[in-house]
A.B. asks: 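Have a look at this one.
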Amino acid sequence: MEIANPAFRPDPALSRDEMEALQREIAATATFADDHDLAVEAVTIDDPADLTEGLPPADPTAGAPEDSHAPVSDAPPVGGPAVDAPVVVGVDQAFLTEEDPTRAVSAAVAIRAGTVIEYATATTTPSIPYVPGLLAFREGKPICAALDALDADPDLLVCDGSGRVHYREAGLATHVGVCFDVPSVGVAKRLLCGEPDEPVDGRPAGWRTPIRADDAVETAAGDDDAGDTGADDTGGGGFAPVIGHAVQSRQYPESRRINPLYVSPGHRVSAETTVDLVEALCAGYKLPEPTRLADAAADAAKRDDGKAEDA
DNA sequence: GCGACAG
DNA sequence: ATCTTGTCGC
């Protein structure tokens, strides 16, 4: 796929102030409201992928209306949409530490109708360390490289990390979503900032609660949210804006407890729709399928071509 | 100074 | 993110 806003590409060479300035620009450009054609039912994945025997094979024709009849070859439909099911792309990274230079492997996995249709990976050498709030500048470049190598063009990106739940409302998912101008959501295993409406411990599967901006979050002035009730900036009795949700995607009946997922809008998706989409993409595991597959793909690539080329 | 901090 | 064995429980 091709990048839409090259100027927003996360450049690790920028100074910290420049990085933060770019993030404010990203946040101002981002849309935290629904601007897509995604139907929750259309992206729902019922059966989890079996990762015990390696990565599921990619089937480029999966999901195409004619894939149950036509051979794998020529005659791509002319003039009309080749497929109808939306393409969801999961992105994740794995690192090879203890190597001369630490290497990072980024993987992008495209899924359509619950089946993997394409894998793309990129191996790079991180130039800056991880800094809370600046993750996109460490991982964004490799992720963009993997997405550049992807033939399919996504209807939705699922990133590992936050989106709007970020100090400047410009987390990794938002940054990547704006760069490619593709609807995106962020799925994090831990909360960076913001405050849950209710305590999150020991909740049953299906439970969710809003995450609202707190003192650590610079709320954008021009808030384009559609679902906000009342004022949130005029020092008054308004509620802080909802920037994401904590959602219990999986839980054990008893014994040990699983922590919730922290999901937030990346770009062109509302906070409410983000939770619905992520829940629909979960098929029994804590993490959504696109993320599980991207994680497995990155690990596989780390073992194989991890020692090979650089991008 | 203290606490908090995606991957 | 990564380094790692066993272990508790359905």
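So you know, we letter chains A, B, ... as the sequences are listed, proteins then strands, and number each from 1. On a predicted model such as this, the values are computed, not experimentally measured, just so you know.
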A.B. asks: Which whole-number value in Å describes the distance from A:K189 NZ to B:dA6 P?
C.D. replies: 11 Å
A.B. asks: What I'd like to find out is whether the side chain of A:V89 reaches to under 4.5 Å of the side chain of A:I111, using heavy atoms alone.
C.D. replies: no
A.B. asks: Heavy atoms from C-beta onward define the side chain here; which of C:dT2, B:dG7, B:dC5 lies closest to that of A:Y167?
C.D. replies: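 In terms of side-chain proximity for A:Y167, the closest of C:dT2, B:dG7, B:dC5 is B:dC5.
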A.B. asks: For A:E198, enumerate each residue passing the salt bridge (Lys or Arg N to Asp or Glu O under 4.0 Å) test, keeping only those at least two apart in sequence or located in another chain.
C.D. replies: A:R203
A.B. asks: Taking atom types as modelled, is there a side-chain donor on A:D160 or A:T291 under 3.5 Å from an acceptor on the other?
C.D. replies: no
A.B. asks: Tell me: CG of A:L134 to C1' of C:dA1, nearest whole Å?
C.D. replies: 16 Å
A.B. asks: With sequence neighbours left out, what residues match A:D155 under salt bridge (Lys or Arg N to Asp or Glu O under 4.0 Å)?
C.D. replies: none
A.B. asks: Among residues 14-23 of chain A, which residues get a heavy atom nearer than 4.0 Å to DNA chain B?
C.D. replies: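 Under 4.0 Å from DNA chain B: no residue of residues 14-23 of chain A.
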A.B. asks: What are the atom names and distances for every N/O pair under 3.5 Å that joins the protein to nucleotides 1-3 of chain B?
C.D. replies:
none

A.B. asks: Throw together a table of side-chain donor-acceptor distances under 3.5 angstrom for residues 2-11 of chain A, partners on residues two or more places apart or in other chains.
C.D. replies:
{"from": "A:N5", "atom 1": "ND2", "to": "A:V178", "atom 2": "O", "distance (Å)": "2.8"}
{"from": "A:R9", "atom 1": "NH2", "to": "A:D148", "atom 2": "OD2", "distance (Å)": "2.5"}
{"from": "A:D11", "atom 1": "OD1", "to": "A:A13", "atom 2": "N", "distance (Å)": "2.9"}

A.B. asks: According to salt bridge (Lys or Arg N to Asp or Glu O under 4.0 Å), who are the partners of A:D214, at least two apart in sequence or on a separate chain?
C.D. replies: none
A.B. asks: So what's the dot-bracket for DNA chain C: Watson-Crick or G-U pairs under 3.5 Å, [ ] if a pair crosses, | if it pairs off-strand?
C.D. replies: ..........
A.B. asks: Is a side-chain donor or acceptor of A:S264 paired with a backbone partner of A:G244 at a separation under 3.5 angstrom?
C.D. replies: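 No, the answer is negative, given that no donor and acceptor are paired below the 3.5 Å cut-off.
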A.B. asks: By nearest atom, which of the nucleotides C:dT2, B:dG7, B:dC5 is closest to the A:E139 side chain?
C.D. replies: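 Selected nucleotide: B:dG7.
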A.B. asks: What's the OH-P distance between A:Y130 and B:dA4, to the nearest Å?
C.D. replies: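 In whole Å, B:dA4 P lies 15 Å from A:Y130 OH.
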A.B. asks: Between A:R138 and A:P12, is there a side-chain heavy-atom distance shorter than 4.5 Å?
C.D. replies: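 No, too far: nothing below the 4.5 Å cut-off.
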A.B. asks: Please report, rounded to the nearest Å, how far the P atom of B:dA6 is from the CZ atom of A:R168.
C.D. replies: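 Computing the A:R168:CZ to B:dA6:P distance gives 14 Å.
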A.B. asks: Does C:dT2 have its OP1 or OP2 closer than 4.0 Å to a side-chain nitrogen or oxygen of A:K302?
C.D. replies: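 Checking A:K302 against C:dT2: at least one side-chain N or O falls below 4.0 Å of OP1 or OP2.
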A.B. asks: Tabulated below should be each protein N or O lying under 3.5 Å from an N or O of nucleotides 4-8 of chain C; please produce it.
C.D. replies:
none

A.B. asks: Give the rounded distance in Å between these two atoms: CG of A:D92 and P of B:dA6.
C.D. replies: 15 Å
A.B. asks: Do other residues, nucleotides or ligands put more than 12 heavy atoms under 6.0 Å from A:D50 CG?
C.D. replies: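 Count over threshold, so yes.
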A.B. asks: For A:A94, report the nucleic acid contact type (base, sugar-phosphate, nothing); a contact means any heavy atom under 4.0 Å.
C.D. replies: sugar-phosphate
A.B. asks: Run the ring-ring contact (aromatic ring centres under 6.0 Å, His included) test against A:H175 and tell me which residues pass, sequence neighbours left out.
C.D. replies: A:F137
A.B. asks: When you compare the side chain of A:R292 with that of A:P48, does any pair of heavy atoms fall below 4.5 Å?
C.D. replies: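 Answer yes - side chains close enough.
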A.B. asks: Under 3.5 Å, which donor-acceptor pairs do the side chains of residues 15-28 of chain A form with other protein atoms, sequence neighbours left out?
C.D. replies:
{"from": "A:S15", "atom 1": "OG", "to": "A:E18", "atom 2": "N", "distance (Å)": "3.1"}
{"from": "A:S15", "atom 1": "OG", "to": "A:E18", "atom 2": "OE1", "distance (Å)": "3.3"}
{"from": "A:R16", "atom 1": "NE", "to": "A:E20", "atom 2": "OE2", "distance (Å)": "3.2"}
{"from": "A:E18", "atom 1": "OE1", "to": "A:S15", "atom 2": "N", "distance (Å)": "2.8"}
{"from": "A:Q23", "atom 1": "OE1", "to": "A:R168", "atom 2": "NE", "distance (Å)": "2.6"}
{"from": "A:Q23", "atom 1": "OE1", "to": "A:R168", "atom 2": "NH2", "distance (Å)": "2.8"}
{"from": "A:Q23", "atom 1": "NE2", "to": "A:G133", "atom 2": "O", "distance (Å)": "2.9"}
{"from": "A:R24", "atom 1": "NE", "to": "A:E218", "atom 2": "OE1", "distance (Å)": "3.0"}
{"from": "A:R24", "atom 1": "NH2", "to": "A:E218", "atom 2": "OE2", "distance (Å)": "3.0"}

A.B. asks: Is there a stack between A:F95 and C:dA1, judged by ring centres under 5.5 Å and planes under 30°?
C.D. replies: no
A.B. asks: Would you say the side-chain atoms of A:T115 and A:D59 include a donor-acceptor pair closer than 3.5 Å?
C.D. replies: no
A.B. asks: Report which part of the nucleic acid A:G186 touches: base, sugar-phosphate, or nothing (heavy-atom distance under 4.0 Å, all strands).
C.D. replies: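 Nothing, no nucleic acid heavy atom in range.
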A.B. asks: Under 4.0 Å: is that the gap between some side-chain N or O of A:Y262 and OP1 or OP2 of B:dA6?
C.D. replies: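 No, A:Y262 has no side-chain N/O under 4.0 Å of OP1/OP2 on B:dA6.
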A.B. asks: Would you kindly give the CG-to-P distance between A:L172 and B:dA6, to the nearest whole Å?
C.D. replies: 13 Å
A.B. asks: Any non-hydrogen side-chain atom of A:V242 less than 4.5 Å from a side-chain atom of A:I211?
C.D. replies: no
A.B. asks: State which residues pass salt bridge (Lys or Arg N to Asp or Glu O under 4.0 Å) with A:D276; sequence neighbours excluded, sorted by chain then number.
C.D. replies: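 For A:D276 the salt bridge (Lys or Arg N to Asp or Glu O under 4.0 Å) partners, ignoring immediate neighbours, are A:R208.
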A.B. asks: Within this structure, what is the CG-to-C1' distance between A:L192 and B:dA6, rounded to whole angstrom?
C.D. replies: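 Whole-Å distance recorded here is 5 Å.
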A.B. asks: Any side-chain heavy atom of A:V263 sitting closer than 4.5 Å to one from A:E279?
C.D. replies: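 A side-chain contact under 4.5 Å is absent here.
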A.B. asks: In whole angstrom, give the distance that lies between atom NE2 of A:H175 and atom P of B:dG7.
C.D. replies: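 After rounding, the reported distance stands at 18 Å.
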A.B. asks: Can you give me the closest heavy-atom contact between A:L293 and A:L55, atom names plus distance?
C.D. replies: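 That would be O-CD2, 4.2 Å.
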A.B. asks: With pairs defined as Watson-Crick or G-U wobble and both distances under 3.5 angstrom, please note down DNA chain B as a dot-bracket string, | for pairing with another strand.
C.D. replies: .......
